[in-house]
Amino acid sequence: MERAFKEVEAYQSFLESEGLDQLPLMFEERRLTSKDSYMLAYDHFKLRGNTVEKIASYHRSSSSNHNLYWPRPKMTKERTILLKQYLEQHYHTHLIRSMCIVGTCAGSWTGWQDICSGLEHVSDIVDYPFYTFTPGNDVDTIVNFILLNDLHIPQFILFLCPSFIAYILEAVKDLGLQEKFPFHKLRFFTIGEPFNEDFRDHIDTLCPSNSSISSLFSVYGSADTDLIGAESLASVAIRKLLHRHKFLSKQMGFARTSPHFFHFYAQDAYIESVKGELCITKWQGIPLPRYNLHDRVKLYSWKELRAFILSHKYDSPEDKPLHEIVEKAGEDLPDIIALFGRSDSSLKLLGTFITEEVLDHLMQSKRLSQYLTGHYKASVEYDEHDHQYLKLTVEMRPSVASSDDLTNLLYREVIEDLCEFQHEFKEDYEEIYKKFDDDPHRQILRLTLCKWPALSQELLEKTKRRGIESKNKVN
């Protein structure tokens, strides 16, 4: 942070706005920054550090119609080796000839560029067959490419957001390929969204792995920070045990579903939990001084978490292999970030953040306010086919009557506004979801219209005109 104070003009201005003309000596007394208070408040070039010679590329992300451009460093030998080792440990790429497919959600997912670059560097240093294919958002192409290479490739590793897996499975069904599609060869490397263990169990049943605890592993990062953490065999085993034994979750203070457990791998960064939110300090293209990600977390010592799990007996035949994995992992793995979700009343829909600010703007726009009171409830849900969608309940004005025509009109208006304010959503909508607009069972937005004053009375008790419904709370 001392370097940021000396070299980053935006950080100097930020401290001045907080009434400080010098950096506080105590780290804990230094002000937190965030996307709103820092990244969006200052000019892009004033945010940058003096690292121009180390920048290899720029990646774009968007937030409430504001574009942010993140300088990315050149791929180092250390990062390449880390990715290589992770793939070998979790997908056995050194033993199984593998095709890595990076495509679905590539339009909106900033991380895909890092993944592609990393995989290319891994391919350069390994002495075994290792391939990469980047088909973009064309799901049918992914399915047909897998079939085309089925006879020659024993393993396909798909790099994507977990909610997009359903679209690939559905494309297989729509193309009538269920009987000959090699589900058993599919493995998944996911980023960008939470999921529960029922979802992982479903994928493991559909795409069983004989060489690993699961077919699906997840990593944790963001456009702001790059990679922060990743699941391991042992951390997945722990989450599976907590999912099966609710009393263990309750002992750990988890009210509903268990969080994701990620080992902290960003050794060039310092992390802390401030009021239950993850803050990161890191020197990079745009330095992050005590930067609040607004992710709800708890930080655990791996050694202590492992000891807690091993202190309980597991008699079921299904549990014993999980217990053995945790035991064999030893005490020296990196410590754990337990990720519960967002803390800032935002939703994550297929990799795109949608904030209350955006939904408030939509509901109070002139086009919608002639039909709606502005009261709403929103949540991201999964249907029985594992399709993720935005569930939006809105309240009609007293003089407005419900009809199919009104529902269709509101659907079009909300989609149009979301595309305008969320560039990432627009790319995915036009390439993937738009074709489902006429199918109410597959739409990306599923509207429910209710009569006044149903929502007004409910939300009045919460002193809020709207409500994004949170799925997880930290005790």
In sequence, state the C-alpha distance, the side-chain angles, and the governing distance for Glu170 and Arg442, and then conclude on salt bridge (Lys or Arg N to Asp or Glu O under 4.0 Å).
CA-CA 11 Å; Glu170 187 168 76; Arg442 300 166 78 181; 2.6 Å; yes
Dump the intermediate steps for side-chain contact (heavy atoms from CB on, under 4.5 Å) on Tyr86 and Phe217, then the final yes or no.
CA-CA 10 Å; Tyr86 190 84; Phe217 293 92; 3.7 Å; yes
Apply side-chain contact (heavy atoms from CB on, under 4.5 Å) to residues Val297 and Phe262 and explain how you reach the verdict.
CA-CA 11 Å; Val297 301; Phe262 297 106; over 6 Å; no
Where do Tyr220 and Tyr265 land on the ring pair (Phe, Tyr, Trp, His ring centres under 6.0 Å) test, with the steps shown first?
CA-CA 10 Å; Tyr220 172 41; Tyr265 279 112; over 10 Å; no
Would Glu197 and Arg200 count as a salt bridge (Lys or Arg N to Asp or Glu O under 4.0 Å) if you check the C-alpha gap in whole Å, the side-chain angles of each, and the deciding distance to 0.1 Å?
CA-CA 5 Å; Glu197 283 305 302; Arg200 193 184 333 242; 2.8 Å; yes
Please evaluate residues Phe436 and His441 with respect to the criterion ring pair (Phe, Tyr, Trp, His ring centres under 6.0 Å), reporting the C-alpha separation (whole Å), side-chain torsions for both, the decisive distance (0.1 Å), and the verdict.
CA-CA 9 Å; Phe436 302 126; His441 300 294; over 10 Å; no
Using salt bridge (Lys or Arg N to Asp or Glu O under 4.0 Å), reason through Lys84 and Asp127 one step at a time and then give a plain yes or no.
CA-CA 12 Å; Lys84 169 183 173 290; Asp127 58 0; over 6 Å; no
Carefully, step by step, assess Leu169 and Phe181 under the rule side-chain contact (heavy atoms from CB on, under 4.5 Å).
CA-CA 10 Å; Leu169 301 181; Phe181 194 75; 5.8 Å; no
Candidate pair Tyr300 and Phe308, rule ring pair (Phe, Tyr, Trp, His ring centres under 6.0 Å), full reasoning
CA-CA 11 Å; Tyr300 290 94; Phe308 171 79; 9.0 Å; no
How far apart are the C-alpha atoms of Lys185 and Ile146, what are their side-chain angles, what is the distance that settles it, and do they pass the side-chain contact (heavy atoms from CB on, under 4.5 Å) test?
CA-CA 9 Å; Lys185 293 185 178 183; Ile146 291 172; over 6 Å; no
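Separating the NZ atom in Lys240 from the CG atom in Asp204 is a distance of 4.5 Å, to the nearest 0.5 Å. One distance of note links CE of Met75 with CG of Leu119; it measures 8.5 Å at 0.5 Å rounding. One finds the CZ atom of Phe189 at 10.5 Å from the CD atom of Glu231 (value rounded to the nearest 0.5 Å). Atom CD of Gln388 is separated from atom CG of Leu390 by 9.5 Å, given to the nearest 0.5 angstrom. Taking CZ of Arg187 as the reference point, atom OG of Ser215 lies at 4.0 Å (rounded to 0.5 Å). Summarising the geometry, atom CZ belonging to Phe130 is positioned 5.0 Å from atom CG belonging to Leu87; distances are rounded to the nearest 0.5 Å.
Checked against the 6.0 Å centroid criterion, the rings of Phe188 and Phe159 do not qualify as a close aromatic pair.
Between the side chain of Thr33 and the main chain of Pro289, a donor-acceptor pair closer than 3.5 Å is present. A distance-only check finds a donor-acceptor pair linking the side chain of Thr205 to the backbone of Asp201 [under 3.5 Å]. A donor-acceptor pair under 3.5 Å is formed between the side chain of Ser235 and the backbone N or O of Phe261. The backbone N or O of Ser258 lies less than 3.5 Å from a partner atom in the side chain of Arg239, making a donor-acceptor pair. Between the side chain of Thr80 and the backbone N or O of Glu78 there is no donor-acceptor pair closer than 3.5 Å. Between the Arg306 side chain and the Gly330 main chain, a donor and an acceptor come within less than 3.5 Å of each other. A donor-acceptor pair under 3.5 Å is formed between the side chain of Ser249 and the backbone N or O of Leu242. No donor-acceptor pair under 3.5 Å is formed between the side chain of Lys435 and the backbone N or O of Ile432. Between the side chain of Gln284 and the backbone N or O of Asp224, at least one donor-acceptor pair lies under 3.5 Å.
Under the 4.5 Å side-chain criterion, counting only non-hydrogen atoms from C-beta, Gln85 is in contact with Gln89. In this structure the side chain of Arg3 never reaches within 4.5 angstrom of the side chain of Pro287, judged on heavy atoms. Contact check for Tyr91 versus Ile96: no side-chain heavy atoms found under the 4.5 Å cut-off. Leu449 places a side-chain heavy atom less than 4.5 Å from the side chain of Leu410. Side-chain contact between Val274 and Asn292 is absent, with no heavy-atom pair separated by less than 4.5 Å. Contact of the Leu362 side chain with the Leu418 side chain is registered, since non-hydrogen atoms from C-beta on lie closer than 4.5 Å. Phe425 is listed as a side-chain neighbour of Ile415, based on a closest heavy-atom distance under 4.5 Å. You'll find the side chain of Ile213 stays beyond 4.5 Å of the side chain of Pro321, heavy atoms only.
Taking 4.0 Å as the cut-off between side-chain N and carboxylate O, Arg79 and Asp226 count as a salt-bridged pair. The pair Lys303-Asp332 fails the salt-bridge criterion, with no side-chain N (NZ, NE, NH1 or NH2) lying under 4.0 Å from an Asp/Glu carboxylate O.
Remark: Asp404 CG is loosely packed, at most 12 non-hydrogen atoms of other residues, nucleotides or ligands lying under 6.0 Å away. For NZ of Lys426, the number of neighbouring non-hydrogen atoms (other residues, nucleotides, ligands) closer than 6.0 Å is 12 at most. Within 6.0 Å of CD in Glu304 there are 12 or fewer heavy atoms belonging to other residues, nucleotides or ligands. By the 6.0 Å contact criterion, CG on Asp438 is open, its count of non-hydrogen atoms from other residues, nucleotides or ligands being 12 or less.
Closest approach of Tyr411 and Leu445 over heavy atoms only: CE1-O, 3.1 Å. Looking at every heavy atom in both residues, Leu322 comes nearest to Ala237 through O-CB, 3.8 Å. Closest of all the heavy-atom pairs between Ser301 and Asp335 is CA-OD1, 3.5 Å. Of all the heavy atoms in Cys279 and Leu32, the pair that sits closest is SG-CD2, 3.9 Å.
Using modelled atom types and a 3.5 Å distance limit, the side chains of Tyr128 and Glu88 yield a donor-acceptor pair. At a cut-off of 3.5 Å, with distance as the only test, a side-chain donor of His263 or Ser232 sits close to an acceptor on the other residue. Using modelled atom types and a 3.5 Å distance limit, the side chains of Tyr382 and Asp198 yield no donor-acceptor pair. Side-chain contact, Asn149 with Tyr131: no donor N or O sits under 3.5 Å from an acceptor N or O. For the residue pair Asn210 / His184, no side-chain donor-acceptor distance below 3.5 Å is found, with atom types taken as modelled. In the model, Ser98 has no side-chain atom that pairs as donor or acceptor with a side-chain atom of Thr93 under 3.5 Å.
Cation-pi geometry between Arg296 and Phe340 is not met: the NZ or CZ atom fails to fall both under 6.0 Å from the ring centre and inside 45° of the normal.
Note on ring orientation: taking the six-membered ring where Trp is involved, the planes of Phe195 and His260 are perpendicular (angle over 60°, cut-offs 30° and 60°).
For the side-chain contact (heavy atoms from CB on, under 4.5 Å) with Leu248, the qualifying choice from Arg244, Lys250, His245 is His245, the only one to do so.
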